[in-house]
S.K.: 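Just passing along the structure, written as structure tokens.
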Amino acid sequence: MKNCFITGSGSGLGKELALLYSQKSFHVHLAGRNIEKLAAVKREIEAAGGVATIYSLDVSQPESLEKIAASLQSSGCSIDILINNAGIGMFGPFSATTVEMMETIFSVNVYAPILLTKAFLPLLTSSGMVINIISTAGLRGKKHEAIYCASKFALRGLTESLQKEYEGSGLRFVAAYMGGMNTPFWDHSNHVEHPSRFPLPKEIAKQIVHEAEEQLEVIIKT
Ligand SMILES: NC(=O)c1ccc[n+]([C@@H]2O[C@H](COP(=O)([O-])OP(=O)(O)OC[C@H]3O[C@@H](n4cnc5c(N)ncnc54)[C@H](OP(=O)(O)O)[C@@H]3O)[C@@H](O)[C@H]2O)c1
């Protein structure tokens with residue numbers, strides 16, 4: 001059975017990607033901080049006949065990322081797809097930016113994908129794929145999103161660089177860019193007036209799964 005490891009898969013886009021890869025007969029490895037949410041996704045996958053394992057993981061803790069990779073390696077598990085999906089947003093005027101806010105955003109949106117990808121390199125199969133969930137905030141700057149955009153531009157830089165570095169190796173690094181989605185991402189923010197008007201993540205997930213098979217860049221206009 002092929003294996004797919006997804007960070008932040010207890011809700012939103014990560015959950016939908018998990019359900020889709022499970023339908024494609026992958027053993028889905030669900031990681032996040034909230035075990036109840038992950039357990040609910042696992043139940044949904046198992047009810048449909050799929051296989052899932054859950055991991056309590058705070059991606060902002062570098063040692064946890066190494067630990068999880070080491071434990072998968074010692075159990076002999078290889079990974080076909082790693083999806084760096086966990087991400088957070090904090091928005092507002094640039095003048096209100098704090099060091100704490102920058103560190104929080106960059107630890108989840110930038111350092112975690114870098115460190116997890118590096119830790120998973122020995123686990124990836126020879127034709128393995130890493131999908132980095134970026135955002136259109138990684139394609140162009142946006143008002144009151146300076147730090148979020150900076151973090152997503154960084155993730156884009158990582159992905160494009162790895163595409164070049166590993167070209168011809170069999171490993172594929174896919175950059176996925178999408179506009180707003182109606183997910184819990186917006187639950188504690190007034191930055192967007194009507195997030196419920198955004199498309200649901202299910203359709204976005206379908207396009208990512210489909211297009212990532214062929215392309216290294218998936219751009220979804222919403
Ligand atoms: N919603 C949008 O409009 C939109 C648009 C473009 C791109 N994106 C990107 O899409 C990705 C998924 O977001 P979403 O919209 O699906 O929102 P979401 O439902 O809030 O999903 C984000 C996930 O990240 C996990 N997460 C956050 N901090 C974490 C940490 N420190 N350690 C481990 N997991 C953590 C959360 O799980 P736990 O709370 O269980 O840890 C949550 O399940 C993000 O990278 C986001 O930047 C979102």
Side-chain angles (χ1 to χ4, degrees), residues 5-20 28-42 44 54-65 67-68 82-91 100-101 103-117 130-142 144-145 147-156 158-159 174-208 218-222:
F5 189 100
I6 311 175
T7 63
S9 37
S11 63
L13 182 63
K15 172 184 171 179
E16 298 300 337
L17 288 166
L19 297 175
L20 286 175
V28 184
H29 300 262
L30 308 161
R33 290 167 305 178
N34 185 320
I35 287 292
E36 282 79 35
K37 288 196 302 182
L38 298 172
V41 179
K42 177 178 157 74
E44 196 170 332
I54 59 178
Y55 303 84
S56 170
L57 175 69
D58 181 343
V59 298
S60 69
Q61 304 299 314
E63 61 287 359
S64 314
L65 302 173
K67 251 194 203 163
I68 215 153
L82 165 66
I83 307 183
N84 286 307
N85 166 77
I88 52 168
M90 293 181 195
F91 307 104
E100 194 193 358
M101 170 192 171
E103 286 178 349
T104 304
I105 293 184
F106 269 73
S107 70
V108 176
N109 294 5
V110 184
Y111 298 152
I114 293 173
L115 295 170
L116 195 62
T117 302
V130 177
I131 304 178
N132 287 334
I133 302 302
I134 309 180
S135 164
T136 50
L139 292 174
R140 55 182 176 274
K142 303 184 189 203
H144 290 171
E145 299 194 17
I147 306 307
Y148 181 68
C149 284
S151 75
K152 293 296 188 175
F153 268 69
L155 187 52
R156 173 186 176 188
L158 170 78
T159 317
V174 176
Y177 305 96
M178 68 291 303
M181 298 179 285
N182 182 8
T183 71
F185 185 83
W186 300 108
D187 280 359
H188 306 289
S189 163
N190 298 322
H191 179 57
V192 164
E193 212 175 338
H194 298 293
S196 60
R197 291 185 188 163
F198 287 144
L200 289 166
K202 194 183 185 79
E203 286 310 310
I204 314 288
K206 272 189 197 160
Q207 284 190 58
I208 293 170
V218 177
I219 300 182
I220 302 165
K221 295 195 175 83
T222 56

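Indexing begins at 1, ligand by ligand and atom by atom, following the structure's order. Computed from a prediction, not measured in an experiment: that's the story for all the values here.
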S.K.: Taking ring pair (Phe, Tyr, Trp, His ring centres under 6.0 Å) as the test, write out the residues that go with Phe153, two or more places apart.
M.R.: none
S.K.: Are any of the side-chain heavy atoms of Ile208 and Ile83 separated by less than 4.5 Å?
M.R.: no
S.K.: Check salt bridge (Lys or Arg N to Asp or Glu O under 4.0 Å) between Lys152 and all other residues, then give those that pass, not counting sequence neighbours.
M.R.: none
S.K.: Applying salt bridge (Lys or Arg N to Asp or Glu O under 4.0 Å), can you list everything that pairs with Glu203, at least two apart in sequence or on another chain?
M.R.: Lys206
S.K.: So, do Met90 and Ile147 sit near enough that their side-chain heavy atoms are less than 4.5 Å apart?
M.R.: no
S.K.: Which N/O atoms of ligand 1 sit under 3.5 Å from a protein N/O, and at what distances?
M.R.:
residue  : atom   : partner : partner atom : Å
ligand 1 : 1 (N)  : Met181  : O            : 3.3
ligand 1 : 1 (N)  : Thr183  : OG1          : 3.1
ligand 1 : 3 (O)  : Met181  : N            : 2.8
ligand 1 : 3 (O)  : Met181  : O            : 3.4
ligand 1 : 3 (O)  : Trp186  : NE1          : 2.9
ligand 1 : 15 (O) : Thr183  : OG1          : 2.6
ligand 1 : 16 (O) : Leu13   : N            : 2.8
ligand 1 : 17 (O) : Thr183  : OG1          : 3.3
ligand 1 : 19 (O) : Ser11   : OG           : 2.7
ligand 1 : 20 (O) : Phe185  : N            : 3.4
ligand 1 : 28 (N) : Arg33   : NH2          : 3.2
ligand 1 : 31 (N) : Asp58   : OD1          : 2.8
ligand 1 : 32 (N) : Val59   : N            : 2.8
ligand 1 : 39 (O) : Arg33   : NH2          : 3.1
ligand 1 : 39 (O) : Lys37   : NZ           : 3.4
ligand 1 : 40 (O) : Arg33   : N            : 3.2
ligand 1 : 40 (O) : Asn34   : N            : 2.9
ligand 1 : 41 (O) : Arg33   : N            : 2.9
ligand 1 : 41 (O) : Arg33   : NE           : 2.7
ligand 1 : 41 (O) : Arg33   : NH2          : 3.4
ligand 1 : 43 (O) : Gly8    : O            : 3.3
ligand 1 : 43 (O) : Ser11   : OG           : 2.8
ligand 1 : 45 (O) : Asn85   : O            : 2.8
ligand 1 : 45 (O) : Lys152  : NZ           : 3.0
ligand 1 : 47 (O) : Tyr148  : OH           : 2.7
ligand 1 : 47 (O) : Lys152  : NZ           : 3.0

S.K.: Do Gln207 and Met178 come close enough that some side-chain heavy atom pair is under 4.5 Å?
M.R.: no
